[in-house]
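Keep in mind it's a predicted model, so treat the numbers as computed, not measured.
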Amino acid sequence: MTSEIEQGWETLSRREVYAGRVRIVEHDVVLPDGTPSSYEIDESVPFAVATLVVEGAHLVLARQYRYPLDRWIYDLPGGAGHPTETPEDAARRELEEELGLIATELVPLQTFFVNPGRAAWPVHLFLCVAETRSGVADTSDPAEQVRHARLGLDDLDAAIARGEIVDPALLIARASAAARGLLPPLAPTP
C-alpha cells in the first residue's frame, strides 16, 4: 500500500450529454493541482449483475451473439439492475429472464467495475451451486436471444487458457470462486 496522500477530484457540475441505451454524463471537475477539466462517465445503470451456475461437474452459461464483437461468446446470465431492487433480486430476475432458471440459493461472490476509468457502475457477481428450478425465460427482445450452454469446468479452463473466453464477468467469477475455495483451482494447461 502507498503512504502518499491520495487526493480526489472536486466535482463542480455534471450534465447528461447522451441518453440512449447508454447514458453518458460529463462532469466539470477540478484536479488536485487546481487544474479545471471535464470528464465523461458512463452512468447507464445503477449496477449490473451476473451469476455463475454450477450443476454438478458442469457450469451453465449463456451463449450470446455480441454485436460489438461480431461473434458468439460464452458469458454469464446477467444484466442491469433497477434502482428499486437489490443486486441479489436483480441476479435472480436476470437468471430467470435469460436462462429460465430460478435459483434456490445465491452466494455473493465478488463486486468489480468493468471500466473504472469511465464507468461508474459496479457488477455484482453471484454463485449458484444449489439446485435450480425451471422458470420462464423472457424471449421478447429479438436482439437478446440467449442459448443455454453447459461446459465442464476443465473445458472452461481450457477455453480460458486458449484466450477464447472474453467476458470479464465469467473470468472474474471463475477466478474468485477458485480463490475462495468454492470451485477447484483453474486447471493447468499442458
By the salt bridge (Lys or Arg N to Asp or Glu O under 4.0 Å) test, which pairs, at least two apart or in different chains, include something from [range]?
range            : result
residues 112-135 : none
residues 170-183 : Asp157-Arg174
residues 52-61   : Glu55-Arg150

[atom1] of [X] to [atom2] of [Y]: how many Å apart, nearest 0.5 Å?
X      : Y      : atom1 : atom2 : value
Glu105 : Leu127 : CD    : CG    : 9.5 Å
Leu52  : Leu182 : CG    : CG    : 10.0 Å
Leu101 : Glu94  : CG    : CD    : 13.0 Å

My understanding is that only residues two or more places apart in sequence, or in another chain, count here; which of them pass side-chain hydrogen bond (donor to acceptor under 3.5 Å, both in side chains) with [X]?
X      : result
Asp33  : Thr35
Ser134 : none
Asp138 : Ser140
Asp89  : Thr86

Evaluate side chain to side chain contact (heavy atoms under 4.5 Å, CB included) for Val60 paired with Thr132, printing each intermediate quantity in order. CA-CA 11 Å; Val60 181; Thr132 58; over 6 Å; no

With clusters built from Ile, Leu, Val, Met, Phe, Trp and Tyr whose side-chain heavy atoms come within less than 4.5 Å, directly or transitively, what are the remaining members of the cluster of Val22, listed by chain and number?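 Val22 shares its hydrophobic cluster with Val17, Tyr18, Ile24.
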
By side chain to side chain contact (heavy atoms under 4.5 Å, CB included), Glu43 pairs with (sequence neighbours left out) Arg14, Arg23, Val25, His27, Ile41, Ala120

With Thr139, which residues qualify under side chain to side chain contact (heavy atoms under 4.5 Å, CB included), at least two apart? Gln145

Salt-bridge criterion met for Arg92 and Glu96 (N-O under 4.0 Å):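 Here Arg92 does not pair with Glu96 in a salt bridge, since their nearest N and O are not under 4.0 Å apart.
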
CZ (Arg21) with more than 12 external heavy atoms under 6.0 Å: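 Not more than 12 within 6.0 Å, no.
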
Looking at every non-hydrogen atom in both residues, tell me the closest pair between [X] and [Y] and how far apart they are.
X      : Y      : result
Leu125 : Ala173 : CD1-N, 3.7 Å
Ala91  : Leu106 : CB-CD1, 3.9 Å
Tyr39  : Trp9   : CD1-CZ3, 3.6 Å

Side-chain donor-acceptor pairs under 3.5 Å in residues 75-82, sequence neighbours left out?
from, atom 1, to, atom 2, distance (Å)
Asp75, OD1, Gln64, NE2, 3.3
Asp75, OD2, Arg66, NE, 3.1
Asp75, OD2, Arg66, NH2, 2.6

What residues, two or more places apart in sequence or in another chain, satisfy ring-ring contact (aromatic ring centres under 6.0 Å, His included) together with Tyr74?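 Expected list: none.
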
Using modelled atom types only, decide if a donor and an acceptor are shared between the side chain of His124 and the backbone of Pro108 within a distance under 3.5 Å.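 Between the backbone of Pro108 and the side chain of His124 there is no qualifying donor-acceptor contact (under 3.5 Å).
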
